[in-house]
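Below, each value reflects all heavy atoms present in this structure, side chains not excepted, and no hydrogens, waters or symmetry copies. Keep in mind it's a predicted model, so treat the numbers as computed, not measured. Indexing begins at 1, ligand by ligand and atom by atom, following the structure's order.
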Amino acid sequence: MKELIVSKFGGSSVKDASAMERCGKIVAQNPLRKVVVISATYNTTNQLEEMYRLARLDLTGAKVLLDKNRERHVRLTQDVLACFKTDALASVIDDLQVLYQEAEELLQETNQGPKAERLRRGTMESAQQEIMAQLYSIGERLSSRIFCSYLKHLMPGRSVRHFDARTIIRTDSNFLEAKPKWEIISTKGESLLGDIDHKDEVAVTQGFIGMDEMGRTTILGREGSDYTATLLGLALKPKCVEIWTDVPGIFSVDPRILPSAHVIHEMDYDDATLMASLGAKVLFDQTMAPVCGLGIPIYVASTLAPESGGTWIRRLTPAPSPVGMALASHPRTLKVLEQRFGQNNPGILLGEKVGVISIIGKLSGNFILDTFLEGMGITSKVLEQGARHVSFVIPLDRLDEAASALHSRLF
Ligand code: ASP
Ligand code: MG
């Protein structure tokens, strides 16, 4: 194991100059934070998706959105560099403009149809997905460029460099949900960044993006920047991988729904994977996979309160019980869960009027879930039961109430 730390900062943590400054201070505070992974700034990926949709019918409308995003990033660059005496501003803005030019060309191509060379390489659908992945990659390429310049100014005595994650994160050609190739990533990471542990250097890169065998940009799936951080963990064997966000760790249940939720201070890799894949908006669900076999811990904490602790995800034997709850009610989440639960419940359709609650961790033998819910007049149906979880469906209008009662009874 090396001494270095891989630190990932999420989109809301780099949303404006003061947010970026908080991230900068966190990096500067510990010289072991040598590999920094940055998400696109808050909402940028959503906006790029929206631009793609618009561009098919209304190129002008898409460009208006692009210009708004450009203004936001130019302002962010100005704000974040404002307190330094620097002539770097123009060169950063020039680099951003190159990326916006690329985005504009991609929107044009979206509107007119993929160029012949893309079509030659694949079907219409894959040519379109190739354009989408390339367009979505721009968010992370913008934010990492700005953050790198900011870090250089903040830590003039240290060597800070910007590197393209695509040189390491090699994937298959499933453009929008690309599968990373772990072996190649390990080899590339070792050869391109392997010696960083011995240097006083910080490398800043993009989350979410990768590259296929033919050199085409791919993305790991929405919210995939967490995964980039642990894939770099797989390659570099750091002391730990940090996921910096705007909440102080992983909560026992979504705190926006239940204010009585508490931070889980320690959890097992497998429980964290269950929480994430059963709908809790904590981490990208595959985040734990690259590092759990190596025993590299993941630390989740808040840039808003870096001193107030967070959640350590590591191997815990025996794993504590129960750990937390995942609630799912958003149509997009329910669609994902339908596929998962479909294996045991063929033809299952989770309609609009249901919610799914999953309890993670072993329930004590004398707690009978059905009886407990029946006591509240709530009918439930178990969809999946595993050694460390149970997931069940209930009417949507009883979701918060059931979650609240279960939370106070179990946690
Ligand atoms: N920017 C990407 C997204 O919003 C990846 C990430 O932030 O994790 O999905
Ligand atoms: Mg995220």
Side-chain angles (χ1 to χ4, degrees), residues 6-16 19-20 23 35-53 65 69 72-73 76 99 103 129 132-147 164-166 169 171 174-180 204-211 217-233 241-251 254-256 272-273 275-277 279-290 298-304 310-311 313 326 330 332-333 336:
V6 174
S7 306
K8 177 254 170 179
F9 294 92
S12 50
S13 302
V14 290
K15 69 172 185 217
D16 56 27
M20 244 189 204
C23 300
V35 177
V36 174
V37 178
I38 302 287
S39 282
T41 61
Y42 177 74
N43 217 17
T44 289
T45 313
N46 290 339
Q47 286 176 351
L48 290 164
E49 277 189 346
E50 181 58 24
M51 282 174 223
Y52 178 83
R53 253 195 308 274
L65 251 186
N69 188 276
R72 179 149 73 87
H73 282 90
L76 172 61
L99 292 170
Q129 290 184 353
M132 287 158 106
Q134 183 78 25
L135 180 67
Y136 302 165
S137 77
I138 288 176
E140 270 67 10
R141 289 156 69 205
L142 290 164
S143 58
S144 61
R145 176 69 185 92
I146 301 171
F147 191 66
D164 193 317
R166 292 170 293 187
I169 307 295
T171 72
N174 186 6
F175 293 105
L176 301 178
E177 280 186 340
K179 205 165 167 280
V204 179
T205 195
Q206 310 79 23
F208 184 51
I209 70 175
M211 185 163 93
T217 299
T218 59
I219 54 176
L220 301 176
R222 288 303 309 268
E223 305 297 330
S225 292
D226 300 333
Y227 197 16
T228 306
T230 54
L231 286 166
L232 291 174
V241 174
E242 295 177 336
I243 307 284
W244 290 95
T245 168
D246 56 358
V247 287
I250 298 177
F251 280 78
D254 188 339
R256 284 165 303 185
T273 301
M275 284 282 266
S277 49
K281 286 172 212 63
V282 287
L283 292 172
F284 187 73
D285 59 358
Q286 292 164 70
T287 304
M288 282 46 75
I298 302 171
Y299 181 62
V300 185
S302 170
T303 55
L304 296 166
T311 302
I313 304 172
H330 192 282
R332 214 201 268 189
T333 318
V336 176

Task: Under 3.5 Å donor-acceptor, Tyr42 side chain and Val14 backbone - done: no
Open item on the list: Quiz question: by atom type and distance under 3.5 Å, do the side chains of Arg166 and Thr218 form a donor-acceptor pair?
Closed with: no
Task: Partners passing side-chain contact (heavy atoms from CB on, under 4.5 Å) against Glu177 (at least two apart in sequence or in another chain) - done: Asn174
Open item on the list: Counting neighbours of CZ on Phe251 that are heavy atoms of other residues, nucleotides or ligands and sit closer than 6.0 Å, is the number greater than 12?
Closed with: yes
Task: Criterion side-chain contact (heavy atoms from CB on, under 4.5 Å) against Val37, the qualifying member of Leu232, Val241, Ile243 - done: Leu232
Task: Closest non-hydrogen atom pair, Leu135 against Tyr52 - done: CD2-CB, 3.8 Å
Task: Within the protein, residues bringing a heavy atom under 4.0 Å of ligand 1, chain by chain - done: Ser39, Ala40, Thr45, Glu140, Phe208, Arg222, Glu223, Gly224, Ser225
